[in-house]
Colleague: 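Below you will find the structure I want to go over with you.
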Number of protein chains: 2
Amino acid sequence: MLPDKKELIIKTATQLFAEKGYEGTSIRDLATAAGVNIAMVNYYFGSKDKLFEAMVEHKSVFIREKLEEIASDNSTTDIEKIDLIIENYVFRFLSQPHYHRLIHQELMLKSREILHDKIINNFVKNTQIIIGIIKQGIRKKEFNKVDPELTFASIIGTINQIMLSKQMCITLINKEKDFDPYTNEDFKKRLLTHLKQIIHTHLLIK
Amino acid sequence: MLPDKKELIIKTATQLFAEKGYEGTSIRDLATAAGVNIAMVNYYFGSKDKLFEAMVEHKSVFIREKLEEIASDNSTTDIEKIDLIIENYVFRFLSQPHYHRLIHQELMLKSREILHDKIINNFVKNTQIIIGIIKQGIRKKEFNKVDPELTFASIIGTINQIMLSKQMCITLINKEKDFDPYTNEDFKKRLLTHLKQIIHTHLLIK
DNA sequence: AAAAATCAATTAAACGTTTGTTTAATTCAA
DNA sequence: TTGAATTAAACAAACGTTTAATTGATTTTT
């Protein structure tokens, strides 16, 4: 009936897997939520695992494009590129907390090895873009001789720490229970300010 | 037969849950590994969930003691305290990668709400100790007026980023497949050097 | 153009496993 | 003799998957 029932299943799976986890989402839940028959998932994707893989593939296609666009822009300096990438990461992560937790689940526990490898491959490709910029800045003597790989780990790790648990984040920054750090603009600004400050003093000479 | 079969179950559970995840470990696996009957887990702990809670409680008792010991030492400066805490975290995390991933699983996905809250409570208590030191340093005008909460997030986040996935860490730092970043002393030193450097330039005035 | 054939889409139902848990009997030491 | 510890077995529920039948639209044949 619908133009693409396959895509509807992927879309519903993305939402449910992210909210309740992969193991926590049964095919029956998923089928009900998508309004399709239980057998349709296996009919279209072969198995629940392969649906997961299809979902990750579907998601990770568009992520790297933006990073490469920023990296290859000749009109920006290296530190401006770093700033833009930080903004990109913060914006993307904060707007999809559940999805990024799901990906981290798969990174930490390597059940489903195929998926684990696929996620790592995608992640590392993005990584190399940013590390490349840092190394370039060092070569041009615009940046200090920092540890490029671990500097990247500090950037992405800071954001991930905030994304770990909403309740933990709220408690950490001492806000009320109904405060939502992921949608609050002031907090987003605060996170960006801190990140840029710590990375600027770390990277920029003097 | 054994002096404390309860503790044996907890010990085995810690290992198996950490390696294969909570959902991924069946009571049958656990019972076999511990050499006890399947029914013993429910006999002693009531349920699989309560065993998990008992395990976390058992683990998190000793962690905060060391942090408080460092914080309350009058013979060290604030930056020295920060350094000691960083060393403590790095040492502890690197030596128990599986366990910390397990805890992060529970932080990210809040199935088992009782356990989720328990972990957050323990974590936040540790957090406050470190944030307290940073605020003290700022008050004494030894530290820059940084964002204490997010500075903590950067410290712990950097380590957590390294802990996310061993394979990802290896790829990140461009090593061979058999390289183990978690036991390698050179890499531990490299991580400590980076962390102290980025935090020192961030915290210390001038 | 009407009838027949074809094949993907869809369904309800059942399948075989595995799960955490409980039961009821037995062991064993106090 | 008492009661906790331990066992093998069974339990009920949930899971991913498969089956076999049916629908419905498109294509082929008459």
Side-chain angles (χ1 to χ4, degrees), chain A residues 1-58 102 105-106 109-116 118, chain B residues 1-58 102 105-106 109-116 118:
Chain A
M1 290 284 179
L2 278 155
D4 203 344
K5 197 168 269 192
K6 237 179 131 173
E7 198 151 339
L8 173 67
I9 293 176
I10 287 191
K11 208 176 163 186
T12 313
T14 309
Q15 199 167 20
L16 287 190
F17 287 174
E19 278 173 13
K20 325 204 301 171
Y22 176 75
E23 324 275 2
T25 307
S26 70
I27 292 194
R28 282 166 182 82
D29 292 342
L30 173 60
T32 306
V36 302
N37 187 277
I38 324 170
M40 296 310 288
V41 174
N42 281 281
Y43 176 75
Y44 277 124
F45 298 94
S47 69
K48 196 189 176 191
D49 275 18
K50 283 181 186 161
L51 165 63
F52 199 175
E53 290 166 29
M55 186 207 108
V56 169
E57 190 62 40
H58 187 263
L102 177 67
Q105 299 269 345
E106 289 303 308
L109 228 59
K110 62 169 174 183
S111 3
R112 295 174 288 280
E113 202 140 3
I114 304 167
L115 188 59
H116 181 80
K118 185 187 280 246
Chain B
M1 292 287 175
L2 277 154
D4 204 344
K5 199 169 266 191
K6 239 179 130 174
E7 198 152 339
L8 174 67
I9 293 175
I10 288 191
K11 207 176 165 187
T12 314
T14 309
Q15 198 167 22
L16 287 189
F17 287 174
E19 277 172 16
K20 324 204 302 174
Y22 176 74
E23 324 275 2
T25 307
S26 70
I27 293 195
R28 280 166 184 81
D29 292 342
L30 172 59
T32 306
V36 301
N37 187 275
I38 324 169
M40 295 312 288
V41 173
N42 281 281
Y43 177 75
Y44 277 124
F45 298 95
S47 70
K48 195 189 176 190
D49 275 18
K50 283 181 186 162
L51 165 62
F52 199 175
E53 290 166 28
M55 185 206 109
V56 170
E57 190 63 40
H58 187 263
L102 177 68
Q105 300 268 343
E106 289 302 307
L109 229 59
K110 63 169 172 180
S111 5
R112 294 174 287 281
E113 203 139 3
I114 304 169
L115 188 58
H116 181 80
K118 185 187 278 251

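Proteins come first, then strands; the chains are lettered A, B, ... in the order of their sequence lines, and each starts at number 1.
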Colleague: Whole Å only: how far is the NZ atom of Lys5(A) from the C1' atom of dA25(D)?
Modeller: 14 Å
Colleague: Once you round to the nearest 0.5 Å, how far does CZ of Phe52(A) lie from CD1 of Ile114(A)?
Modeller: 12.5 Å
Colleague: Leu8(A) CG to dT10(C) P: how many Å, rounded?
Modeller: 11 Å
Colleague: Whole angstrom is fine here: how far is it from CG in Asp4(B) over to C1' in dA5(D)?
Modeller: 13 Å
Colleague: What is the distance, to the nearest angstrom, from the CG atom on Leu30(A) to the P atom on dT17(D)?
Modeller: 12 Å
Colleague: Please examine the side chains of Asp49(B) and Leu115(B), heavy atoms only from C-beta on, and report whether any two atoms are closer than 4.5 Å.
Modeller: no
Colleague: Does Glu19(B) CD have over 12 foreign heavy atoms under 6.0 Å away?
Modeller: yes
Colleague: How close or far is atom P of dA14(D) from atom CD of Glu23(A), stated in whole angstroms?
Modeller: 17 Å
Colleague: Among pairs that include at least one residue of residues 23-37 of chain B, which meet side-chain hydrogen bond (donor to acceptor under 3.5 Å, both in side chains), considering only residues two or more places apart or in two chains?
Modeller: Lys20(B)-Asp29(B), Glu23(B)-Arg112(B), Ser26(B)-Asp29(B)
Colleague: Have a look at Lys118(A) and tell me which of Glu106(A), Glu53(A), Glu57(A), Glu113(A) forms a salt bridge (Lys or Arg N to Asp or Glu O under 4.0 Å) with it.
Modeller: Glu57(A)
Colleague: May I ask you to test the Tyr44(B)-Leu51(B) pair for a side-chain heavy-atom distance under 4.5 Å?
Modeller: no
Colleague: Does dA9(C) have OP1 or OP2 under 4.0 Å away from a side-chain N or O of Lys6(A)?
Modeller: no
Colleague: Taking CD from Glu7(A) and P from dA9(C), how many angstroms apart are they, rounded to a whole number?
Modeller: 15 Å
Colleague: Round to a whole Å and report the spacing from CZ of Arg112(A) to C1' of dG16(D).
Modeller: 13 Å
Colleague: Please work out which residues in residues 36-51 of chain B have a non-hydrogen atom less than 4.0 Å from an atom of DNA chain D and list them by number.
Modeller: Asn37(B), Ala39(B), Met40(B), Tyr43(B), Tyr44(B)
Colleague: Once you round it to whole Å, what is the distance between P of dT18(C) and NZ of Lys20(B)?
Modeller: 13 Å
